[in-house]
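Counting from 1, the numbers follow the sequence of the chain as shown.
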Amino acid sequence: MSEAVGRELRELLADRLAGCHGLDPVFARDVAERTARFTRRGGRRIRPRLLWWSMRACGGGDRAQVRVALRTAAALELLQTCALVHDDLMDQAPTRRGAPALHADVTAQYAGTAPGPAAQRLGASTAVLAGDLALAWADDALAGLLLEPGLPRDLAHRLHEVWRVMRTEMVAGQYLDVRGQAMSSGTPARSIRAACLKSALYTVERPLQLGAVLAGADDATTGTLRRAGRCAGLAFQLRDDLDDLFADPRATGKPSGGDVREGTPTYPLAVARALADATGDRHALGVLDHAMGRSGLTDDELAGVRAVVTGTGARHHVEARIARLNRRCLRHLGEAALEPDAAGRLRHLLAEITGAAGRAPDPAAAPRAAALAAAGTEAGR
C-alpha cells in the first residue's frame with residue numbers, strides 16, 4: 001500500500017514541479033524540489049495506511065474507491081510535510097528523518113554566500129514557504145477529487161468536511177504546543193489537550209474517519225472507528241513523548257531530549273512535575289526547572305531529567321496509560337461490524353503505532369494516579 005501511495009505522490013509531484021520550473025528555476029530548486037524530496041522520502045506513511053485499512057475494514061475497495069483513497073492518502077502526506085517542516089522550524093530542530101531539517105539545509109547551502117545572519121533568516125523563511133507550498137499542493141490534490149463529476153455529491157461533501165476540520169485541529173494543536181513552551185504552562189491537563197488535537201485527531205482519528213467515509217460506512221461504524229482512533233492517537237503521542245526522552249536517536253531520526261531543550265511541556269514531563277510537587281520532591285522540581293527550555297543542555301543534565309521522569313513514577317504512569325488506551329482502542333474496534341481480515345490488519349497497525357503491544361501496565365499506577373488527583377490534575381483519568 002505504501003508503494004502505491006509513493007507512486008501516486010511521484011505522479012502528483014512531477015506535475016507540480018513542472019509548473020514550478022516554469023515559474024522560476026531558483027524557486028523550483030530551493031523550495032519546490034526540497035518540498036517534493038521531503039515528501040517522497042516519507043516516514044512510516046502512518047496516515048495513508050490507517051486510511052487504507054479503515055476503508056478495507058469497512059468493506060470498501062472497488063476500483064473507484066481505491067483511486068480516490070490513493071489520491072486522498074497523497075494529500076495527507078503533503079499535509080504532513082507542511083506540519084513537519086513548520087514544526088522543525090518552530091522547534092529549531094536540526095534534523096528530521098535522519099537528514100538535515102529543511103530550514104537547516106537551506107541555511108547550510110547559503111552560509112558561505114549570504115552575509116551575517118542572513119543565511120539563517122533565509123533558511124527560516126524558506127521553511128515557512130515550503131510548508132505553505134506543501135499545504136497548497138495538498139489542498140489542490142483533494143480539490144481535484146472533489147470537483148470530479150463522477151464523485152457522488154454526498155461523498156464529496158463528507159470528504160471536504162473531514163479535511164476542513166482536520167486542518168484546523170492540526171494548527172490548534174501546534175499552537176497549544178508552542179504556547180506551552182512560551183508560557184511554561186505544563187499541566188498534565190493542558191498537555192493532554194494539545195496531544196489530542198495534535199496527534200489523536202490529526203494522526204489517527206481523522207484518517208480512520210476518511211477511510212470509513214470513502215467506504216460509505218454508516219454513522220455507527222464511523223463513530224466507533226473514530227473512538228478507537230482517538231484512543232490510539234493519544235497513545236501514539238504519549239509514546240512519541242517517551243521516545244523523545246528514552247529512545248535511541250538512530251531509531252527516531254532526531255536528537256534525544258528535543259522536547260526538554262525546547263521547553264515543550266509534554267505529558268511525561270508534566271506528570272513528573274505534578275508527582276514531584278505532590279510529594280514535595282524539591283530535587284526533582286529543581287532538575288526540571290533547570291533543564292526545561294535550556295538549548296545547551298548537556299548529556300549529563302538530560303540524564304538527570306530521565307532519572308526524574310523514571311524516579312517520580314511518571315514514566316511508569318505514562319506506560320500504564322498507553323496500555324489502557326490501547327485496550328480501549330481494541331475494545332472499540334471489537335464493537336464495530338468490520339471485515340475480519342482487514343480489521344486484523346488495522347488492529348496490528350494500531351498496535352504498531354502505539355508501541356503498546358505486549359506491555360504490561362505498571363502495578364503501582366493506582367497510587368500514583370491518586371497522587372496526581374490530589375495535585376489537582378486530570379492525568380489519572
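- A chain of hydrophobic side-chain contacts below 4.5 Å, direct or via other Ile, Leu, Val, Met, Phe, Trp or Tyr residues, connects L155 to M166.
- No hydrogens or angles considered: a donor-acceptor pair under 3.5 Å links the side chains of R321 and Y267.
- With 3.5 Å as the limit, one finds no donor-acceptor pair spanning the side chains of Q120 and H103.
- A 4.5 Å side-chain heavy-atom check between L346 and L333 finds at least one atom pair inside the cut-off.
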Stepwise side chain to side chain contact (heavy atoms under 4.5 Å, CB included) check, V260 with L297: CA-CA 9 Å; V260 180; L297 200 67; 3.7 Å; yes

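- No cation-pi contact links R96 to F38, judged by a cut-off of 6.0 Å to the six-membered ring centre and 45° from its axis.
- A salt bridge is defined here as a Lys NZ or Arg NE, NH1 or NH2 lying under 4.0 Å from an Asp or Glu carboxylate O, and R261 with E301 fails to meet this definition.
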Chi angles and distances behind the side chain to side chain contact (heavy atoms under 4.5 Å, CB included) call for L325, L238: CA-CA 10 Å; L325 286 165; L238 299 187; 4.1 Å; yes

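- Not one N or O on the side chain of Q237 forms a donor-acceptor pair closer than 3.5 Å with the backbone of L234.
- Note that the OG1 atom of T266 and the CG atom of D240 stand 9.5 Å from one another [nearest 0.5 Å].
- No side-chain heavy atom of R47 sits under 4.5 Å from any side-chain heavy atom of V204.
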Derivation of the side chain to side chain contact (heavy atoms under 4.5 Å, CB included) call for Y175 and L197: CA-CA 10 Å; Y175 176 71; L197 287 168; over 6 Å; no

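- Note that CZ of R327 is 12.5 Å distant from NE2 of H332, once rounded to the nearest 0.5 Å.
- Hydrophobic clustering (side-chain heavy atoms under 4.5 Å, transitive across Ile, Leu, Val, Met, Phe, Trp, Tyr) groups L214 together with W163.
- Between F27 and H21 the shortest side-chain heavy-atom distance does not fall below 4.5 Å.
- Between the side chain of D244 and the main chain of G258, a donor-acceptor pair closer than 3.5 Å is present.
- A salt bridge links E319 with R239: the closest approach of a Lys/Arg side-chain nitrogen to an acidic carboxylate oxygen falls below 4.0 angstrom.
- Residues L210 and L135 share a hydrophobic cluster, clusters being chains of Ile/Leu/Val/Met/Phe/Trp/Tyr side chains in contact below 4.5 Å.
- Within a 6.0 Å sphere centred on CG of D219, heavy atoms belonging to other residues, nucleotides or ligands number 12 at most.
- The existence of a salt bridge linking D289 and R273 is confirmed by a sub-4.0 Å separation between a basic side-chain nitrogen and an acidic carboxylate oxygen.
- At least one side-chain heavy atom of L330 sits under 4.5 Å from a side-chain heavy atom of R347.
- Between atom CG of residue D87 and atom SG of residue C82 there is a gap of 10.5 Å, rounded to the nearest 0.5 Å.
- Side-chain contact between T312 and T279: absent, with no pair of heavy atoms (C-beta onward) separated by less than 4.5 Å.
- The existence of a salt bridge linking R158 and E161 is excluded, since no basic side-chain nitrogen approaches an acidic carboxylate oxygen closer than 4.0 Å.
- The main-chain N or O of R44 is found under 3.5 Å from a side-chain atom of R49 such that the two form a donor-acceptor pair.
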Q174/R179 under side-chain hydrogen bond (donor to acceptor under 3.5 Å, both in side chains): CA gap, chis, key distance, verdict: CA-CA 9 Å; Q174 186 63 68; R179 183 183 182 276; over 6 Å; no

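- A continuous path of ILVMFWY side-chain contacts below 4.5 Å connects F246 to V318, so both sit in one hydrophobic cluster.
- Looking at H317, its side chain never comes within 3.5 Å of a backbone N or O of V271 through a donor-acceptor pair.
- The side-chain heavy atoms of V309 and L245, taken from C-beta on, include a pair separated by under 4.5 Å.
- Taking a 6.0 Å sphere around CZ of R167, one finds it holds more than 12 heavy atoms contributed by other residues, nucleotides or ligands.
- Between R227 and T224, the side chains place a donor N or O and an acceptor N or O closer than 3.5 Å (distance only, hydrogens not considered).
- Shown here is H283, whose NE2 atom has no more than 12 heavy atoms of other residues, nucleotides or ligands within 6.0 Å.
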Side chain to side chain contact (heavy atoms under 4.5 Å, CB included) between R34 and V85, worked out: CA-CA 11 Å; R34 273 190 170 91; V85 168; over 6 Å; no

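- The pair D341-R56 does not count as a salt bridge, with every side-chain nitrogen at least 4.0 angstrom from each carboxylate oxygen.
- Counting only distance, with no hydrogens or angles, the side chain of T354 and the backbone of A351 share a donor-acceptor pair below 3.5 Å.
- In this structure, the side chain of T39 engages the main chain of T35 through a donor-acceptor pair within 3.5 Å.
- Annotation: the span from H160 atom NE2 to D139 atom CG amounts to 8.5 Å, rounded to 0.5 Å.
- Residues L350 and F236 have side chains not in contact (no heavy-atom distance under 4.5 Å, counting atoms from C-beta outward).
- Heavy-atom minimum distance, A32 versus L133: CA-CD2, 3.8 Å.
- Between D30 and V106, the closest side-chain pair of non-hydrogen atoms is not below 4.5 Å.
- Put simply, the side chain of D218 gets close to the backbone of A220: a donor and an acceptor are under 3.5 Å apart.
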Salt bridge (Lys or Arg N to Asp or Glu O under 4.0 Å) between R164 and E169, worked out: CA-CA 9 Å; R164 181 189 66 79; E169 289 167 345; over 6 Å; no

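- Both L70 and V68 are members of a single hydrophobic cluster when ILVMFWY side chains are connected at heavy-atom separations under 4.5 Å.
- For the pair P268 and L242, the tightest heavy-atom approach, listed with the atom from each and the gap, is CG-CD2, 3.9 Å.
- Looking only at distances, no side-chain donor or acceptor of E352 sits under 3.5 Å from a matching main-chain atom of H348.
- With hydrogens and angles disregarded, a donor-acceptor distance shorter than 3.5 Å links the side chain of T81 to the backbone of E77.
- The backbone N or O of G233 lies less than 3.5 Å from no partner atom in the side chain of T203, so there is not a single donor-acceptor pair.
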